[in-house]
Amino acid sequence: MNPIKSKKVNDFYEALLRDLIRPDEAAFRQDRIRIQVGSATCELAAGAGEVLDELKKHIAASERDDIVVREVGCTGRCSREPLLGVVIPGRMPVTYEKADRELVHRVFIEHVQGGRPLYENMLDGPGRQISRREVLFCRSRRCLRPDGAGWERDFRDMLDRSGISREEIDILSASCFGACRGEAATDASTILVRPDKVLYRIRNRSDLEEIIESHLRRGEVVERLRWKLPPLNRSFFDLYGDVAFFNRQSRVSLRNSGVLDPESLAEYVNFRGFRALAVALGGGDPLWVIDQVSRARLRGRGGAGYPTGQKWIDTREPAAENRYIVCNADEGDPGAFMNRSMLESDPFNIVEGMIIGGFAIGAKKGFFYIRAEYPLAIARIQKAIDICREKRLLGKNIMDSGFDFEIEIRLGAGAFVCGEETALIHSIEGERGQPRIRPPYPSERGLWGEPTAINNVETLAGVTGIINYGCDWFRSLGTDKSGGTKVFALAGTIRHTGLVEVPLGTTLKEIVFEIGGGMPEGSEFKAVQTGGPAGGCLPLELIDLPVDYDSLNRAGTIMGSGGMIVLGQNDCMVDIAKYYLSFSQDESCGKCSPCREGTTRMLEILEKISAGRGTRREIENLERLAKLVKKSSLCGLGRAAPNPVLSTLTHFRDEYLAHVDDKRCPAGRCTGLLRYSVDPESCVGCGLCARDCPAACISGEKRRPHEIDQERCIKCGRCLEVCRFQAVKVS
Amino acid sequence: MNRSSTDNWPAVREASRKALPPAVLDFIEECREREHPKSALIAVLHRVQDECGHLGRDQLNAVAQLLQVPTARVYGAATFYHFFRLRPRGRFLISVCLGTACYVKGADQVNRRLMEELGVGLGETTADGLFSLETTRCLGTCGLAPVIMINDNVHGPLKPDDIPGLLERYIQRARKEEAGGKT
Ligand SMILES: Cc1cc2nc3c(=O)[nH]c(=O)nc-3n(C[C@H](O)[C@H](O)[C@H](O)COP(=O)(O)O)c2cc1C
Ligand code: SF4
Ligand code: SF4
Ligand code: SF4
Ligand code: FES
Ligand code: FES
C-alpha cells in the first residue's frame, strides 16, 4: 500500500482512527451477533422497512443484549431483495432472500436463537447446505498460472485423502479477490477461508497440504502463508463469498455496498476510509496523484471513456483564478441505477474520491449534481458532507495538510440532457440546461467560465482504491487500454436482475449467462442492449465479445454508463428502437433542428412501421435520416439518438422487414399488428368481454357468439384477459 | 408619496414575501449570501415545489423578484425541467415508471390501464382531485419491474389487472381519512 508521507497528516489520520474506532462499541465488537438489513431505495421499495421493524421487535422481546442490528447499503441483488444477513461469531455468515415479517420471525427463532439456518430461504439457495468452513479458490485469469487450474482439483483429492469430511469443508471458486499485484500474481494463487477471514497466498501443492493439516484439521492458521495486507474487497467476500451471483464478480467500486452502514464514518474509516486522502494530501504532490490515476488507466465511467488522468491535467493546466470539480450524478439512462446504489450505499467513498480529485486539479470547490429523483442518495451525500466537515475532512486545512476544499450539492430537475457536460454546467449556473458547442471543453471553460473537471460517480469511486493500492494493481484488473472494473445494471429478460461489477474485458457471455444466470424459463436469448438511448444491440453472434470501451464501439454500440438490458424472443427489436428513440425525442432540448426535427420524423416512421403501415421505402428513409441526425446534431444526445435504430437495422433487419412486408410482429409485441377475434365455437356468449371492452366494439346477443368490430378495436387486449372460456384469439 | 422616486421595491418585496412560505424565504436569504446567488434558482424552485406542491404564477414572480433574476429566466427554467409542476397535483401522485426495465416488462400496458381507469391523460388530475398521473424514468427498483409509485410508495411488479384494486385501496384510504377528519 502507498504510504502516508507527511507526519502531520499521518498524525491526523491516526487520531481519526483512535477517535472513531472504539473496539468496545457495538458496531465493532466481533463477539456480537450481527443482523443486517438493507437500507437503499431498492431495498426499502421491496419492504426492508417492515423487515427492520419486525427484527427490532423480536430483539426487544428476547431481551438479548448481544445482538446488533445493522442497516447496510444495497448489494445490487435487486430481484431477491429484501436481503437479511445473519452473522454469528465463528459461524458462516448467512444471507436470506425475499425477507418479510414471517421470515424474520422464523429466522430469529430458528437460526439466531436456535442455531439452525433455514436452508430453503437462503440467497441463491434453496437447499444449499452450509458447511463449517468454505475454501474459495481465485479463478481469475491472472491468478491461474499454467498449472493453477489444477490446484482446485488437487485440493479436492487431498481433502478426500485426509479423511476430513466434505460436510465440514466446502470448495468454491470466486473471481479475483483483488489481492494480486502485477507480477506477484504469476507465481502464486490466492485462496480464502471462510468464515475465518483468512486469505492465503499459495505457491505449490505442499502449501495446500499444510493448510489442510493445520488450518482445516486443527484450526490453526498457517501464518507463514497468510496475506498480511487484507485486500480491498475481502470484507465483501467474508459476507457474501458463498453466493454465486457475487463471488463471480470483482467488487472494487461496490466493495462496501451491503457491507457497511452508509451513514457511519466510523465504519467507513474502519475499512480504510480516508486513508487514500491521507496518502494524497500527505504526499503533497497533485501531479503524483494524477500520474497514479493516469497509469492506472482509469477511464471515465459516464459514457465516453475519456482518460481521467488526462482530463485532470487538462483542467489543471490553464491559468485561472478558480477551478471546480463536478461529480455527474444525473444518471439519465432510463435503465441504469448503479450510480444511485453507490451514492446510497457508500457515499463517503465518492466524497473522498472527489476531494482527492479536487486536490489533484487544484480546485477549492466541488459540486455534486444529483438528479432530484434520487432523494435518498441526496440525503446520504449531504449527511456525508456534513460529517466530513465536522471531522475536518472538508473545509479549511483538511487533515492538517493546508489544503482547503468545500463541497455543495446541486439538484437536477428531470432533464436527461443535463447529464451532458455543457448542459450540466448551465444547469448548475441556474439556467435552462441546454448544451453548447464544444470546444472549448469544460476543462478549459466550465462553471462560471473557469476550468472544470466533470467526472462520473463511478469514476470517482475508483480513485480511492488506486491511491491506496497503487496504479499497477488497478491497471492489472482490466484490459491493456482500460484499467479496473465496470459496474453494469443488468435488467430486462434475465434471471438475476441486479448490479454486476466485473473487470473490463469480461465477456458478455460471462456477464449474462454466468453471473446473470441466463434467461428465465421459457425465454430464448435474442440480444443485449448496452449504452441505453445512446447505445445499440448486440446479437447472439457477439456473445463472446469482451466488454470494454473499444470492442463495444467496434461492434456498433457503446459502453455508456452501464445499463445492460437483456432481450428475449418475446421482445421486438423495432419496439425497442422505438422506445429509445421516443425517449431521446422527448428529452431533446430543442436547441438544434437536426435533433429536434430529425428524432420526431424518425419516431413517426417507426410508429408507422410498428402499426403495420410502413414500407420498405420508409426503412430506407429512416436509415438516411438516422445517419443525418447522427452527423449534424449539436450535442451527444442528438448524435447518439439514432444508434438504437441503426444497430437494430444492422443486426435485426429481418424483423423490420416482417413488420413492413408481412405486417407481422415476430415477437408479438407491437399491438398495432395484433388482431383480436372471437372463436364462435368456444364463445358461450357470457358478455363479459363486451362489458369490459373500453372501445365498446364487441357485440352479440346473450348466450350467442360475440363479435369484434375490427375497425374500432384499439387492441388493448382486455377481452383476451377477461374471457374465461379461451374464446378470444389473437394473431 | 414621494413623487421624485419611482422606486417601488419595498412594496414589490413585501408582496413577493407574502407569496412564499417562510422556509423558502429563509432559503433565498441564505442563497443571497453565497457566491453566485443567481445560480440557486433551480434549488429555490425545488424548495417552492416541496412546500407548495407546485409552482404557481405568484410564486414564480416572487422568486424572480427576490432572487433578482429576470422573470423570463425563471419561467424558462420552470418550463424546461420536467420535474417542475406548474399546476396543482392531486392528493395521490401516481408516477408510472417507463424506464427500460419496466418498459420491457410491460409498463406501457399498465400505463394504458391507469389512463383508462382514471379517465385522465398523462400530466392530468382526476376531477375529484384524488389522483394525478405522471411518468418517470427508472425509479431505481428495476428488480420489481414494472413498478409505479403512488406518493412515496413503490408498487410492483404489477399487471394491468392489479390496477383497479390498487386504486380502490387508495380511494378507501382517502374516504377513511376524510371520515376520521370529520369526527
Ligand atoms: C445526453 C447525454 C447525457 C449524459 N448523461 C450522463 C449521466 O447521466 N451521467 C454521466 O456521468 N455522464 C453523462 N453523460 C456524459 C457526460 O457528458 C460526461 O462525458 C461525463 O460525465 C464525464 O465523466 P467521466 O469522464 O467520468 O465519464 C451524458 C452525455 C450526454 C451527451
Ligand atoms: S442535439 Fe438535441 S439535445 Fe443536443 S443541443 Fe441539439 S436539440 Fe439539444
Ligand atoms: S382488444 Fe380491447 S378494444 Fe379490441 S375488442 Fe378486445 S377489449 Fe375491445
Ligand atoms: S367473454 Fe369469452 S365467452 Fe364471454 S362473450 Fe366474450 S368471448 Fe364469448
Ligand atoms: S486474487 Fe486472483 S486474480 Fe486477483
Ligand atoms: S426501469 Fe422502472 S424501476 Fe428501473
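Scope of the values below: all heavy atoms of this structure, side chains included, with no hydrogens, waters or symmetry mates. Here is how names work: the chains are called A, B, and so on, in the same order as the sequence lines, proteins then strands, and each is numbered from 1.
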Next on the checklist: Pair Glu429(A), Lys38(B) - check salt bridge (Lys or Arg N to Asp or Glu O under 4.0 Å), show working.
Outcome noted: CA-CA 7 Å; Glu429(A) 290 174 343; Lys38(B) 292 180 185 174; over 6 Å; no

Next on the checklist: Using a 4.5 angstrom heavy-atom cutoff, name the option from Gly433(A), Ala46(A), Ala491(A), Gly498(A) with the most pairs to chain B.
Outcome noted: Gly433(A)

Next on the checklist: Please rank Cys78(A), Ala372(A), Gly335(A) by heavy-atom pairs under 4.5 Å with chain B and give me the top one.
Outcome noted: Ala372(A)

Checklist entry - Where on Val722(A) is there a heavy atom nearer than 4.5 Å to chain B: the side chain, the backbone, both, or neither? => result neither

Checklist outcome for this item: If one checks every heavy atom of Asp152(B) against chain A at 4.5 Å, the contacting part turns out to be neither

Checklist entry - Out of Gly532(A), Ser427(A), Cys716(A), which one racks up the most heavy-atom pairs below 4.5 Å with chain B? => result Ser427(A)

Checklist entry - So how far is it from Arg340(A) CZ to Cys138(B) SG, rounded to the nearest 0.5 Å? => result 7.5 Å

Checklist entry - What are the two closest heavy atoms between Leu41(B) and Gly430(A), and how far apart are they? => result CD2-O, 3.4 Å

Checklist entry - Taking all atoms of both residues into account, what is the closest heavy-atom pair of Ala413(A) and Tyr81(B), and its distance? => result O-CB, 3.2 Å

Checklist outcome for this item: Heaviest contributor of heavy-atom pairs below 4.5 Å to chain B, chosen from Ala45(A), Ala415(A), Ser79(A), Ser341(A), is Ala45(A)

Checklist entry - What residue, out of Gly156(B), Gly99(B), Ala145(B), Ala78(B), has the most heavy-atom pairs lying under 4.5 Å from chain A? => result Gly99(B)

Checklist entry - Which region of Ile409(A), side chain (C-beta onward) or backbone (N, CA, C, O), has a non-hydrogen atom less than 4.5 Å from a non-hydrogen atom of chain B, or is it both or neither? => result neither

Item to check | Exercise: identify the closest heavy-atom pair between Arg112(B) and Lys715(A) | outcome: NH1-O, 3.8 Å

Item to check | Max heavy-atom pair count under 4.5 Å with chain B, selected residue of Arg77(A), Glu587(A), Lys365(A), Met338(A) | outcome: Glu587(A)

Checklist entry - Can we say Arg718(A) and Asp161(B) salt-bridge, meaning some charged N sits less than 4.0 Å from an Asp/Glu carboxylate O? => result no

Checklist entry - Ion pair present between Lys159(B) and Glu721(A), side-chain N to carboxylate O less than 4.0 angstrom? => result no

Checklist entry - Can you tell me how far the CG atom of Asn322(A) sits from the CD atom of Glu35(B), to the nearest 0.5 Å? => result 6.5 Å

Next on the checklist: Can you tell me if Arg57(B) has over 12 outside heavy atoms packed within less than 6.0 Å of its CZ?
Outcome noted: no

Item to check | Residue pair Ile42(B) / Leu411(A), side-chain heavy-atom distance below 4.5 Å | outcome: no

Item to check | Side chain, backbone, both or neither of Leu139(B) within contact of chain A (heavy atoms, under 4.5 Å) | outcome: backbone

Checklist entry - Under the side chain to side chain contact (heavy atoms under 4.5 Å, CB included) criterion, do Arg137(B) and Asp586(A) qualify, and how do the steps go? => result CA-CA 12 Å; Arg137(B) 314 272 190 185; Asp586(A) 200 31; 3.2 Å; yes

Checklist entry - Are Ile576(A) and Val104(B) close enough that some pair of their side-chain heavy atoms sits under 4.5 Å apart? => result yes

Item to check | Residue, of His46(B), Gln109(B), Glu116(B), His36(B), that accumulates the most heavy atom pairs under 4.5 Å with chain A | outcome: His36(B)

Checklist entry - Of the backbone (N, CA, C, O) and the side chain (C-beta and beyond), which part of Ala489(A) lies under 4.5 Å from a heavy atom of chain B, both, or neither? => result neither

Item to check | Atom group of Ser95(B) that falls short of 4.5 Å from chain A, counting heavy atoms | outcome: neither

Checklist entry - Which atoms of Glu408(A) come close to chain B, meaning under 4.5 Å heavy atom to heavy atom: side chain ones, backbone ones, both, or neither? => result side chain

Next on the checklist: Does any backbone or side-chain atom of Cys74(A) lie under 4.5 Å from a heavy atom of chain B? Answer side chain, backbone, both or neither.
Outcome noted: neither

Item to check | Residue selection (most heavy-atom pairs with chain B, distance under 4.5 Å) from Tyr374(A), Phe416(A), Tyr580(A) | outcome: Tyr580(A)

Checklist outcome for this item: d(Leu499(A) CG, Cys142(B) SG) to nearest 0.5 Å is 9.0 Å

Item to check | Whether over 12 other heavy atoms sit under 6.0 Å from Gln172(B) CD | outcome: yes

Next on the checklist: For a quick check under 3.5 Å, do Tyr103(B) and Asp575(A) share a side-chain donor-acceptor pair by atom type?
Outcome noted: yes

Next on the checklist: Run Gln529(A) and Thr100(B) through side chain to side chain contact (heavy atoms under 4.5 Å, CB included) and show every step you take.
Outcome noted: CA-CA 10 Å; Gln529(A) 209 280 351; Thr100(B) 315; over 6 Å; no

Next on the checklist: What verdict does the side chain to side chain contact (heavy atoms under 4.5 Å, CB included) test give for Glu431(A) and Phe80(B), after you've listed the backbone C-alpha separation in whole Å, the side-chain angles of each residue and the deciding distance to 0.1 Å?
Outcome noted: CA-CA 9 Å; Glu431(A) 309 268 351; Phe80(B) 179 83; over 6 Å; no

Checklist entry - Tell me, do Phe83(B) and Arg371(A) make a side-chain contact under 4.5 Å, heavy atoms counted? => result no

Checklist outcome for this item: Residues Arg432(A) and Gly76(B): closest non-hydrogen pair is NH1-O, 3.2 Å

